Amino acid sequence: MRRRNLGSTVIASGLLILAMTLTAPAQTPQKPPLTNQDVIKMVQAGLSESIVVATIQENPCNYDTSPNGLIALQKAGVTQKEMSAMMTRDQAATGSAGATTADGTTSTSGSRWEMPSVSLLRSAGLLALPLEKTNLAQTKQKPRSLASLAGDSAATEGIQSGVNDASWDAATHTHSGLAGSGMLQAGGIFNSALGRRQPTVTYVWGVPGPASANVLQTSTPKFSVNFAKAPGVNPSEFAPNIVKLTPTQNNCRLVGATQGKEDARSRDAADWEIYSSFVEDRVAVSLQKAAAGQYEISPQSPLLPGEYAVVLRPVSKDEKFSGGDVARAQGPGLMFDVLWSFQVATTAK
């Protein structure tokens, strides 16, 4: 009798274990985290931008979003949208918060990257100046001086209307994945082969409007500049400067100008030495460096009344830029395209 009970117990236990095995949910193997190289492989394999972004958003990650990591991604053809998705996913994984708002600022200081910023140092505290993006126009006139370019209608009208930048921005942001970047790279290779046939034109940077809304009552302003976490940039390669802006009859202000190939803004290759022969009215300044990308800057002598701007410039004049980055205002191109304008009032002391 006991043997029967024992046998029944063994059978019942076996059936229970079998039932639990059949009904237990299958364990899904954990996905390996995506890395920068995984994203580069997807882009170079020709996957569309939307698929790459979706894959980034849906998988665990172990990204390198340091300035050098972002520069490597950019050179490999990873788009701005894909890099933004990587940084957002990485921030979520590491518990750091920080989102980029529509005006280009970051919402919290916990982000791994932040847009450059400039603040006026006052006895009452810091006064943040708004970041402004320059418009880029071109003309056939040689850049002898900004004063000579101020009367060039092709350049000044392009800056005032922003038509050139709008068209280039649309053209360079419609590509997706390798299909779009491949098109730009193929164009770059093709144009490189015919580089000798490409005419040289003058590119002019400027901001619309006759005057800055930031009117200062001091002729010796001092600014705090921070671009330590600028996306896709090595901060040790740049430093702030102050330049005098040149007003034009078409209600815009010229920042600087240089020469380049007519197709420069469609090239992704970093082969444009923009600053080697850049024309601008630089102000002699005193710089105090706190850390890479963190400075205090002030003019060495009182500024005369007029229009000025704090700008970011490469430390080396031989620094090479991608024309595509300049057209899209990303990475090193972003540094060259932004400024913080101010006006020294006639009553300034």
Side-chain angles (χ1 to χ4, degrees), residues 36 62-76 78 80 83-84 86-88 90-91 94 96-100 104-121 126-134 205 221-243 255-256 270 272-276 278 280 282-300 309-322 325-326 328-340:
N36 290 32
N62 183 23
Y63 298 131
D64 175 10
T65 55
S66 66
N68 287 336
L70 294 173
I71 291 170
L73 288 167
Q74 178 182 290
K75 289 181 178 178
V78 179
Q80 186 78 3
M83 284 193 282
S84 296
M86 291 173 67
M87 289 186 285
T88 300
D90 185 54
Q91 290 161 6
T94 57
S96 61
T100 304
T105 59
T106 46
S107 58
T108 71
S109 59
S111 172
R112 287 201 176 189
W113 65 275
E114 297 175 5
M115 294 296 284
S117 62
V118 171
S119 296
L120 175 67
L121 294 172
L126 294 176
L127 175 64
L129 300 184
L131 179 149
E132 302 171 62
K133 183 184 177 296
T134 59
W205 282 257
K222 190 172 186 178
F223 302 95
S224 173
V225 184
N226 190 338
F227 53 93
K229 296 183 180 180
V233 173
N234 183 344
S236 63
E237 295 179 355
F238 290 84
N241 280 291
I242 296 176
V243 297
V255 181
W272 188 9
E273 292 184 3
I274 292 177
Y275 206 49
S276 61
F278 199 75
E280 62 184 353
R282 289 181 61 174
V283 173
V285 298
S286 297
L287 273 181
Q288 294 182 356
K289 183 177 180 180
Q294 297 180 16
Y295 291 84
E296 287 188 359
I297 183 172
S298 59
Q300 291 183 0
V310 177
V311 295
L312 301 173
R313 295 292 183 251
V315 174
S316 170
K317 281 187 169 287
D318 296 330
E319 182 89 14
K320 294 182 179 180
F321 293 80
S322 157
D325 285 350
V326 175
R328 294 186 289 263
Q330 68 180 29
L334 168 71
M335 304 289 275
F336 223 96
D337 286 347
V338 298
L339 57 76
W340 295 261

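Since the model is a prediction, treat every value here as computed from it, not as a measurement.
The shortest distance between side-chain heavy atoms of Leu126 and Leu121 falls below 4.5 Å. Contact check for Leu70 versus Met87: side-chain heavy atoms found under the 4.5 Å cut-off. At least one side-chain heavy atom of Phe321 sits under 4.5 Å from a side-chain heavy atom of Pro314. Counting only heavy atoms from C-beta outward, the side chains of Gln294 and Asn226 approach each other to under 4.5 Å. You'll find the side chain of Phe336 stays beyond 4.5 Å of the side chain of Val255, heavy atoms only. Val78 has its side chain out of reach of Asn36: every pair of non-hydrogen atoms, C-beta onward, lies at least 4.5 Å apart.
For the pair Ser276 (side chain) and Asp318 (backbone), a donor-acceptor distance under 3.5 Å is absent. No donor-acceptor distance shorter than 3.5 angstrom exists from the side chain of Asp325 to the backbone of Pro332, with no hydrogens or angles considered.
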Steps toward side chain to side chain contact (heavy atoms under 4.5 Å, CB included) verdict (Met115, Leu334) = CA-CA 9 Å; Met115 294 296 284; Leu334 168 71; 3.8 Å; yes
Step by step, work out the side chain to side chain contact (heavy atoms under 4.5 Å, CB included) result for Leu312 and Trp340.
-> CA-CA 10 Å; Leu312 301 173; Trp340 295 261; 3.9 Å; yes
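Distance check, rounded to the nearest 0.5 Å: CG of Leu127 to OG of Ser224 gives 12.0 Å. Rounding to the nearest 0.5 Å places CE of Met335 at 10.0 Å from CD of Glu319. Rounding to the nearest 0.5 Å gives a distance of 10.5 Å between CD of Glu280 and CH2 of Trp205. Interatomic distance, OG of Ser117 versus CG of Leu131, reported as 9.0 Å (0.5 Å rounding). Interatomic distance, CD of Glu296 versus CG of Leu287, reported as 10.5 Å (0.5 Å rounding). Rounding to the nearest 0.5 Å gives a distance of 4.5 Å between CD1 of Ile297 and CD1 of Ile242.
Closest heavy-atom contact between Pro299 and Pro221: CD-O, 3.0 Å. When all heavy atoms of Lys317 and Tyr275 are compared, the pair lying nearest together is NZ-O, 3.5 Å. The minimum heavy-atom distance linking Ser286 with Gln300 is given by the pair OG-CG, 3.5 Å. Shortest non-hydrogen contact noted between Ala292 and Ser236 is CB-N, 4.5 Å. When all heavy atoms of Pro116 and Ala230 are compared, the pair lying nearest together is CG-CB, 4.1 Å.
With hydrogens and angles left out, the side-chain atoms of Arg313 and Asn241 include no donor and acceptor closer than 3.5 Å.
In this structure, Tyr295 and Phe227 have parallel ring planes: the angle between them is below the 30° cut-off, well short of the 60° mark.
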